[in-house]
Amino acid sequence: MDSFARKLPPAFFARDTLAVARALIGTYLVHRYRGRVRIGRIVETEAYLGPRDRAAHSSRGRTARTEVMFGQPGHAYVYFIYGMWHCLNVVAARAGTPHAVLLRALEPVEGITARSCGPGLLCRAMRIDRRFNGIDLSGDVLWLSPGVAPARPVRIGRSPRIGVEYAGEWAQRPWRFFDRDSDCISRPSN
DNA sequence: GGCACGATTGCT
DNA sequence: GCAATCGTGCCT
């Protein structure tokens, strides 16, 4: 646990969103709640670059739901989908630019007892729901950590994003990033 | 107030 | 291939 107490600094998120999505691969998501600690290693992400990117929720403008994406980088955007799943995003870039990075898969490290590969399963395994929407991800409940130095360099793969065919030309952008050596990514295409 | 649909998942 | 299940955005 001590290895995961360090947090990614605000500057990590306040830069180009594709760089953030790529750099998040190999970092750790930590949730501490009532003495319980759940930790997962991030192995799959997707960048959403609204409002221009038609696959991004923020492409429809500033609404109650998308409000946090227009705010501070490093905060959580959590939404509810298909009547049963939550998805966790990290707000990136700068305030006023509604970009976010969807966390799609985690390798279990500590305290995770359910499958965590896939954005919905990730939230269920980490016990994340809309109560976390808008929180600062460098706080003391849910945070991102650089963890320990990797034994070997992370090999990054890229592909188009999953499930956004409706977004036309934007669906083809290779804005999905994953750890090529992980067997825990949510779908093949690597 | 009504309605179509979704950054998913698991079962057929 | 498709059902489950409901918040959101958009229309009336």
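Proteins get letters first, then strands, A, B, ... in listed order; numbering begins at 1 in each. Just so it is clear, the model here is predicted, and its values are computed rather than measured.
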## Note on the structure
Under the rule of Watson-Crick or G-U wobble with both distances under 3.5 Å, where | means paired to another strand and [ ] a crossing pair, DNA chain B maps to ||||||.||||.

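By the SG-distance test at 2.5 Å, no disulfide connects A:Cys87 to A:Cys123.
Atom CD of A:Glu44 is separated from atom P of B:dT8 by 10 Å (rounded to the nearest Å). Distance, A:Arg176 CZ to B:dT8 P: 11 Å, rounded to whole Å. Distance, A:Glu46 CD to B:dA7 C1': 6 Å, rounded to whole Å. Per the geometry, OH belonging to A:Tyr79 stands 18 Å off P belonging to B:dC5, to the nearest Å. Distance A:Met69 CE to B:dA7 P: 10 Å, rounded to the nearest Å.
With hydrogens and angles ignored, the 3.5 Å screen pairs a side-chain donor or acceptor of A:Ser116 with a backbone N or O of A:Leu106. In this structure, A:Ser182 contributes its side chain and A:Cys184 its backbone to a donor-acceptor pair below 3.5 Å.
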Short heteroatom pairs, N/O only, protein and nucleotides 3-6 of chain C, under 3.5 Å:
{"residue": "C:dT5", "atom": "O3'", "partner": "A:Gly83", "partner atom": "O", "Å": "3.4"}
{"residue": "C:dT5", "atom": "O2", "partner": "A:Tyr82", "partner atom": "O", "Å": "2.4"}

Please produce a list of atom pairs where a protein N or O lies less than 3.5 Å from an N or O of nucleotides 9-12 of chain C.
{"residue": "C:dG9", "atom": "OP1", "partner": "A:Thr63", "partner atom": "OG1", "Å": "2.4"}

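At B:dT8, one or more side-chain N or O atoms of A:Arg104 fall inside 4.0 Å of OP1 or OP2 (strictly under the cut-off). In terms of phosphate contacts, A:Arg115 brings a side-chain nitrogen or oxygen within less than 4.0 Å of OP1 or OP2 of B:dG10.
For the atom pair CG of A:Asp179 and CD1 of A:Ile42, the computed distance is 11.5 Å after rounding to the nearest 0.5 Å.
At most 12 heavy atoms of other shown residues, nucleotides or ligands fall within 6.0 angstrom of atom CZ in A:Arg94.
The salt bridge (charged side-chain N to carboxylate O under 4.0 Å, His left out) search around A:Asp136 returns none, not counting sequence neighbours. Annotation: side chain to side chain contact (heavy atoms under 4.5 Å, CB included) contacts of A:Pro73 (sequence neighbours excluded): A:Phe13, A:Ala14.
For A:Arg15 and A:Phe12, the positive end sits near the middle of the six-membered ring, less than 6.0 Å away and at most 45° from its axis.
Of the two residues contacting DNA chain B, namely A:Tyr166 and A:Arg124, the nearest-nucleotide position lying further toward the 5' end is that of A:Tyr166.
Within the structure, the ring-ring contact (aromatic ring centres under 6.0 Å, His included) test picks out the following pairs touching residues 110-142 of chain A (sequence neighbours left out): A:His31-A:Phe132.
The residue A:Arg130 sits close only to the backbone: its heavy atoms come under 4.0 Å of sugar-phosphate atoms, none of a base.
Following chains of ILVMFWY side-chain contacts shorter than 4.5 Å, one cannot reach A:Phe4 starting from A:Leu122, and the two form parts of different hydrophobic clusters.
For the 3.5 Å distance criterion, the side chains of A:Arg6 and A:Ser145 fail to qualify, holding no donor opposite an acceptor.
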